[in-house]
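These notes concern the structure reproduced below.
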Amino acid sequence: MASAYITTISKKYPSFRDESLKTIHRWLDGKRQDDGAEGLWRIHDTLYDLTDFIERHPGGPEWLRLTKGTDITEAFETHHITTRAEGMLGKYKVREASQPRAVRLTFRDDGFYRTLKRRVRDKLKEVDYAPAKRTKLIIDSMLAAAFGMAFLAIRLGSYALGAASGLFVCWTMIAAHNFFHQRDNWRMLTFNLAFASYREWRVSHAISHHNFPNSILDLEISYFEPFLCWLPNPAIKGSIKRVAAWVYGPIVYSFLFYGEFVKRLLETYKTGKSTFFLDDLVTLILPTFMYVVGATSLWEVVKMWLFIVLVASFLFGVIGLNAAHHHPKAVHDGDQIPADIDFAVYQMAAVIDRSDTKGSQFMVLTSFGDHCLHHLFPTLDHGILPQLYPVFFETCQEFETVYREMPWLQQIIGQNKQLARVDTVTYNPSDKFE
């Protein structure tokens with residue numbers, strides 16, 4: 001008889017997870033080895049050949065091209081709210097999979113997630129989409145402000161104004177995350193402003209982290225090891241590291257964006273295959289603008305630009321790593337969770353929302369707000385998510401699953417406690433949250 005609880009959603013330890021250079025391509029290689037997709041695309045227990053559909057995929061060909069040979073069940077479920085995509089699958093079916101899924105997350109028709117998805121599908125017929133237009137106005141305004149502050153910073157030689165530009169670069173990139181979850185669009189390119197790559201993050205964030213948060217399948221957990229170790233595993237974080245991370249953590253934040261660039265350089269060198277694309281030149285737009293309008297030396301521009309990136313990286317880390325996941329009451333791999341856990345219930349177990357961003361579209365967009373609903377329906381614009389809370393809370397009540405939220409200060413304190421935590425907790429979906 002199966003145990004009532006499990007400690008991980010993965011049925012096997014991911015291939016290549018412990019390699020020193022962790023990249024999206026190696027993560028995908030591991031998925032191809034572990035998922036039992038047999039070189040095709042696996043959805044639940046069926047294999048499909050979507051080769052002829054790649055270029056016609058409404059969300060853009062990259063999603064399918066990257067995931068060939070893997071199990072895309074979670075991504076398929078969350079990225080397709082209507083039944084249209086499911087109705088088209090029949091023509092691409094090849095055969096049933098020869099081995100069980102490597103992930104324990106479930107999508108039963110009468111379970112939490114699919115029940116909620118049906119209700120959201122109906123709700124979307126009557127929602128006000130005007131906030132989605134405001135989302136575009138907000139990110140466009142922040143992008144303009146980033147350039148405006150950079151102009152003033154270089155003309156006046158003010159690093160205080162450079163820090164302000166870094167803040168707007170950070171906010172713009174966080175808001176751009178709203179757009180790289182969606183079908184291809186130009187605003188997703190603004191995520192590339194400071195050495196980051198929307199292409200890389202579509203895998204590490206949208207495909208890995210979103211589907212398997214706080215697990216050994218989550219690249220946004222393994223990327224930071226052995227420096228920042230959030231999993232309650234004493235084997236990977238000794239007593240000194242558990243406390244030392246509180247001190248050097250902010251330094252790690254400051255070099256996140258530089259690290260992204262260096263990692264891709266190393267991967268290119270190691271594999272002999274370039275990991276850079278034409279859209280990576282977006283990173284050079286801001287310093288080029290500063291040089292053209294700044295009427296100063298190239299060296300001064302480079303110094304100011306690197307400072308802006310440093311500030312943006314630090315703030316991105318402060319906001320992103322203290323947003324919703326790393327609190328001791330949020331489930332991490334190694335904690336006890338119900339066996340055969342529903343996908344939505346697991347997301348709620350790994351997410352504790354920020355309560356102090358609610359009601360402000362700007363705050364939500366620039367601080368990874370409404371995080372739980374965003375994990376459940378990532379392709380929906382952040383602006384319309386608040387209108388889904390009534391059906392979400394109705395479903396929570398029906399399935400006796402508690403939705404959890406807390407102020408940002410408690411998230412920050414909790415994140416540092418999580419770095420030190422080695423004891424495991426047991427998650428009960430119906431336990432009241434205090």
Side-chain angles (χ1 to χ4, degrees), residues 43-44 58-59 63 72-89 105-139 175 177-183 185 187 206 210-211 213 323-324 341-355 357-365 367-405 429-430 433:
I43 301 174
H44 297 293
W63 296 104
I72 60 171
T73 300
E74 286 77 15
F76 181 84
E77 288 278 354
T78 57
H79 284 65
H80 303 98
I81 301 174
T82 70
T83 59
R84 181 184 177 190
E86 192 171 357
M88 295 173 58
L89 282 179
L105 300 177
T106 62
F107 293 89
R108 296 188 178 94
D109 282 337
D110 59 352
F112 190 119
Y113 186 72
R114 285 202 162 183
T115 299
L116 176 61
K117 186 159 73 167
R118 286 192 293 269
R119 291 170 178 169
V120 167
R121 184 184 306 146
D122 292 336
K123 182 67 176 178
L124 290 176
K125 298 174 184 177
E126 58 185 50
V127 300
D128 177 12
Y129 284 90
K133 295 180 180 179
R134 286 199 293 272
T135 295
K136 295 177 181 178
L137 178 61
I138 290 171
I139 189 175
H177 135 268
N178 176 73
F179 293 95
F180 71 56
H181 280 285
Q182 302 172 8
R183 65 182 62 194
N185 61 90
R187 287 181 178 86
H210 254 253
N211 294 325
I341 191 168
D342 180 90
F343 172 80
V345 176
Y346 179 75
Q347 298 296 322
M348 295 175 69
V351 171
I352 300 176
D353 256 329
R354 278 186 59 182
S355 58
T357 64
K358 295 289 178 61
S360 169
Q361 189 171 344
F362 174 81
M363 289 294 293
V364 164
L365 197 62
S367 63
F368 300 102
D370 289 328
H371 208 80
C372 191
L373 277 177
H374 173 61
H375 263 251
L376 297 176
F377 303 103
T379 61
L380 296 181
D381 190 275
H382 275 69
I384 67 172
L385 291 178
Q387 299 176 67
L388 304 183
Y389 275 113
V391 295
F392 175 56
F393 291 149
E394 175 190 352
T395 311
C396 287
Q397 184 175 13
E398 179 180 334
F399 285 86
E400 299 181 340
T401 301
V402 175
Y403 166 72
R404 305 177 296 173
E405 58 182 350
S430 62
F433 183 62

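Counting begins at 1 with the first residue of the sequence. All values below come from the heavy atoms of this structure, side chains included, with hydrogens, waters and symmetry mates left out.
With sequence neighbours left out, the side-chain contact (heavy atoms from CB on, under 4.5 Å) criterion links Arg183 to Pro58. Remark: Tyr129 pairs with no residue by the side-chain hydrogen bond (donor to acceptor under 3.5 Å, both in side chains) rule, at least two apart or across chains. Qualifying salt bridge (charged side-chain N to carboxylate O under 4.0 Å, His left out) partners for Arg187, counting only residues two or more places apart in sequence or in other chains: Asp140. Listed by chain and residue number, Phe180, His181, His205, Phe368, His374, His382 satisfy the ring pair (Phe, Tyr, Trp, His ring centres under 6.0 Å) test with His177 (two or more places apart in sequence, or in another chain). Applying the side-chain hydrogen bond (donor to acceptor under 3.5 Å, both in side chains) rule to Thr73 yields the partners Asp71, Arg101; only residues at least two apart in sequence or on another chain are considered. Applying the salt bridge (charged side-chain N to carboxylate O under 4.0 Å, His left out) rule to Lys123 yields the partners Glu126; only residues at least two apart in sequence or on another chain are considered. With sequence neighbours excluded, the residues satisfying side-chain hydrogen bond (donor to acceptor under 3.5 Å, both in side chains) with Gln361 are Arg134, Thr135. Not counting sequence neighbours, the partners of Thr82 by the side-chain contact (heavy atoms from CB on, under 4.5 Å) test are Arg84. Under the rule for a ring pair (Phe, Tyr, Trp, His ring centres under 6.0 Å), the partners of Phe112 that lie at least two apart in sequence or sit in another chain are Phe399. For Ser360, the side-chain contact (heavy atoms from CB on, under 4.5 Å) criterion is met by Phe362, Met363, not counting sequence neighbours. Applying the side-chain hydrogen bond (donor to acceptor under 3.5 Å, both in side chains) criterion to Glu398, with sequence neighbours excluded, gives Arg119. Shown here are the salt bridge (charged side-chain N to carboxylate O under 4.0 Å, His left out) partners of Asp122, two or more places apart in sequence or in another chain: Lys125.
No more than 12 heavy atoms of other residues, nucleotides or ligands sit less than 6.0 Å from atom NZ of Lys133.
Summarising the geometry, atom OG1 belonging to Thr78 is positioned 7.5 Å from atom NZ belonging to Lys117; distances are rounded to the nearest 0.5 Å. The OG1 atom of Thr115 sits 10.0 Å away from atom CD of Glu394, with the distance rounded to the nearest 0.5 Å. If you take CG on Leu388 and CG on Leu376, they are separated by 10.0 Å, rounding to the nearest 0.5 Å. For the atom pair Thr395 OG1 and Leu116 CG, the distance stands at 4.5 Å (nearest 0.5 Å). The CZ atom of Phe377 sits 14.0 Å away from atom NE2 of His80, with the distance rounded to the nearest 0.5 Å. Rounding to the nearest 0.5 Å gives a distance of 9.0 Å between CG of Leu124 and CD of Gln387.
Panel note: side chain Tyr346, backbone Pro213; a donor-acceptor pair is recorded below 3.5 Å. Judged by distance alone, the side chain of Arg354 and the main-chain N or O of Gly369 form no donor-acceptor pair under 3.5 Å. Within the 3.5 Å criterion, the main-chain N or O of Ala349 finds a donor-acceptor partner in the side chain of Arg404. In terms of modelled atom types and a separation under 3.5 Å, the side chain of Asn185 and the main chain of Phe179 share a donor-acceptor contact. Formation of a donor-acceptor pair under 3.5 Å by the Tyr113 side chain with backbone atoms of Thr106 is not found in this model.
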Check step by step if side chain to side chain contact (heavy atoms under 4.5 Å, CB included) holds for Asp381 and Gln182.
CA-CA 8 Å; Asp381 190 275; Gln182 302 172 8; 3.9 Å; yes
Between Val364 and Lys358, is a side chain to side chain contact (heavy atoms under 4.5 Å, CB included) present by the stated rule, with each step listed?
CA-CA 7 Å; Val364 164; Lys358 295 289 178 61; 5.8 Å; no
Checking side chain to side chain contact (heavy atoms under 4.5 Å, CB included) for the pair Tyr403/Tyr389: CA distance, chi angles, key distance, verdict?
CA-CA 11 Å; Tyr403 166 72; Tyr389 275 113; 3.7 Å; yes
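With hydrogens and angles left out, the side-chain atoms of His210 and Gln347 include no donor and acceptor closer than 3.5 Å.
By the 4.5 Å heavy-atom criterion applied to side chains, Phe107 and Glu74 are counted as neighbours. No side-chain heavy atom of Leu105 sits under 4.5 Å from any side-chain heavy atom of Asp342. The shortest distance between side-chain heavy atoms of His44 and Glu77 falls below 4.5 Å. Using a 4.5 Å cut-off on side-chain heavy atoms (C-beta onward), Ile72 and His79 make no contact.
Of all heavy-atom pairs spanning Thr357 and Ser367, the tightest one is CG2-OG, 3.3 Å.
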